[in-house]
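Because the structure is a prediction, the values reported are computed rather than measured. Below, all heavy atoms of this structure are taken into account, side chains as well, without hydrogens, waters or symmetry copies. Numbers restart at 1 for each chain; the letters A, B, ... are given by sequence-line order, proteins then strands.
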Protein chains: 2
Amino acid sequence: MSSQKIDRRVKYTKMVLRQSLLELMKSSPIEKITVKNICELADINRGTFYSHYSNPRALLEQIENDLFNDLKATLDRYLTDADLTSGSYEMIIEIIKCIEMNSDICKIILGEHGDHDYLKRIVNLAYEKFRESWIVNMRVRDDKLTEYFFNFISSGSIGVIQLWIQSGMVDPPEILASMIDKINSQGLKMFFDNKNENVTETLLKRENKCYNQAD
Amino acid sequence: MSSQKIDRRVKYTKMVLRQSLLELMKSSPIEKITVKNICELADINRGTFYSHYSNPRALLEQIENDLFNDLKATLDRYLTDADLTSGSYEMIIEIIKCIEMNSDICKIILGEHGDHDYLKRIVNLAYEKFRESWIVNMRVRDDKLTEYFFNFISSGSIGVIQLWIQSGMVDPPEILASMIDKINSQGLKMFFDNKNENVTETLLKRENKCYNQAD
DNA sequence: CCTCTTTCCGACAACGTGTTGATTATTGTA
DNA sequence: TACAATAATCAACACGTTGTCGGAAAGAGG
């Protein structure tokens with residue numbers, strides 16, 4: 001209803017501004033891109049830019065949020081409880097396929113000059129669900145060690161996905177997914193069996209020591 | 001010999017400029033820090049800045065390189081072949097202790113507004129040695145899967161160390177080291193035993209497919 | 001004490017920013 | 001088709017940062 005009444009001129013302006021920013025981001029980071037740069041490439045008056053966005057970063061955030069919502073919607077369709085308790089395999093595949101489908105934008109946004117924390121946002125979107133599910137269903141402890149462990153897994157996954165993107169997205173997603181999934185499940189076994197109590201105890205002792213220290 | 005003849009004035013100027021930049025980086029990223037900002041805080045004439053550095057980034061790189069060389073020197077003292085074949089535990093401890101010793105600078109450089117790739121440089125410095133050692137001594141394959149695996153491990157380690165820094169460097173380094181080390185060794189077993197031939201084969205098949213594709 | 005070096009100071013043109021008001025062009029609709 | 005509303009254009013503005021001068025002042029080191 002309401003979204004149909006958008007003026008064609010506005011639609012066009014926003015479109016070329018987006019395209020131009022993405023084009024510029026292929027060769028330089030967002031910090032070095034000026035409003036003037038974007039407008040010259042888009043052949044849009046500089047004043048017109050300011051009537052839509054306050055600065056280049058705001059424009060980028062618009063693009064990122066739109067893509068993020070797309071990915072989120074697709075993920076939500078696949079993230080059932082069954083998948084969560086069985087393993088991360090399906091989900092990793094799904095995330096990677098989402099990225100593959102939007103490869104033109106993703107190569108830029110998640111690439112060399114892209115936002116370093118953006119992929120983190122996407123992957124953590126998934127891992128937060130995982131974490132909750134595991135803590136409830138598998139009676140995993142919700143302590144500092146667990147936090148470190150989840151951080152390791154998600155950071156590792158992000159790194160691998162980034163490498164995959166940087167090498168042109170040609171390798172099959174199954175390879176990444178199977179590797180991440182194996183480290184996931186192996187890691188879980190490794191960290192939350194009864195042989196590791198001592199590690200947590202050491203952690204707690206050190207913490208108490210810190211609290212008790214003077215100054 | 002030659003390094004002793006540095007003018008006291010130069011020494012002072014560089015020192016206050018460094019301190020000022022680091023102070024400013026506590027509250028804002030390097031991109032938003034101007035030469036004027038630094039010089040006003042340092043109470044140094046703006047022109048004088050340009051006679052030492054070309055821009056704020058160049059000053060930051062100086063600071064980073066100096067610290068990097070310190071860390072590298074310390075690491076080299078501990079990185080013997082014995083350590084490399086036995087495991088990553090000692091080395092992780094050593095890296096973390098290095099960071100702890102320079103915590104004032106590291107908290108800023110490796111922290112929220114710091115260089116995201118800098119910690120990567122440090123950790124990879126170590127992992128490259130590891131990789132070589134493993135490939136030679138343990139007859140690990142040097143293929144794409146291995147590259148992905150090493151990337152997972154180093155990214156994961158970086159993530160954990162970052163979390164440790166962000167939460168104030170209070171947790172004992174042993175916790176991190178033991179976790180990273182376990183995932184390391186478990187992961188190695190998992191990936192390079194004879195049960196995983198099929199994964200590599202799949203990867204190779206896909207690659208050939210890509211090369212053969214017409215476009 | 002004297003010379004050499006560094007820093008300071010004021011000035012400069014160049015550039016991007018964000019905003020303004022007046023003008024022109026395009027749109028959706030009556 | 002004609003009209004009113006809306007959007008884009010254009011020129012101009014004050015402002016702040018940049019990088020670079022040449023000359024004056026201050027400090028270093030021998």
Q: Just jot down the ring pair (Phe, Tyr, Trp, His ring centres under 6.0 Å) partners of B:H116, sequence neighbours excluded, or say none.
A: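 If we apply the ring pair (Phe, Tyr, Trp, His ring centres under 6.0 Å) test to B:H116, skipping adjacent residues, the hits are A:H116.
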Considering only [options], which nucleotide approaches the side chain of [X] most closely?
{"X": "B:R46", "options": "D:dG19, D:dT17, D:dA8", "answer": "D:dG19"}
{"X": "B:D7", "options": "C:dT19, C:dT6, D:dC10", "answer": "C:dT6"}
{"X": "B:K36", "options": "D:dT17, D:dC10, C:dG18", "answer": "D:dT17"}
{"X": "A:S51", "options": "D:dA8, C:dT17, C:dG28", "answer": "D:dA8"}

Q. Which pairs count as side chain to side chain donor-acceptor pair (under 3.5 Å) when at least one residue sits in residues 14-41 of chain B, sequence neighbours excluded?
A.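 For residues 14-41 of chain B: B:R18-B:D66, B:E23-B:K26, B:T34-B:N37.
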Q: Look at the side chain of A:R9 against the base of D:dT6 and say whether a donor-acceptor pair falls under 3.5 Å; ignore hydrogens and angles.
A: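 Answer yes: a donor N or O sits under 3.5 Å from an acceptor.
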Q.
If you assign B:Y50 and A:I44 each to the DNA chain D nucleotide with the nearest heavy atom, which residue ends up on the more 5' nucleotide?
A.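 Its nearest nucleotide lies further toward 5', so the answer is A:I44.
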Q: Determine, using ring centers only, whether B:F152 and B:Y148 are less than 6.0 Å apart.
A: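 Not under 6.0 Å, so no.
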Q) For the helix from C:dC1-D:dG30 to C:dA30-D:dT1, how many degrees between its two end axes (five pairs per end), to the nearest 10°? A)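 Computed from the C1' atoms at both ends, the axes differ by 30°.
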Looking at [X], I'd like to know whether one of its side-chain N or O atoms comes within less than 4.0 Å of OP1 or OP2 on [N].
{"X": "A:T13", "N": "D:dA8", "result": "yes"}
{"X": "B:T34", "N": "D:dT17", "result": "no"}
{"X": "B:H52", "N": "C:dT6", "result": "no"}

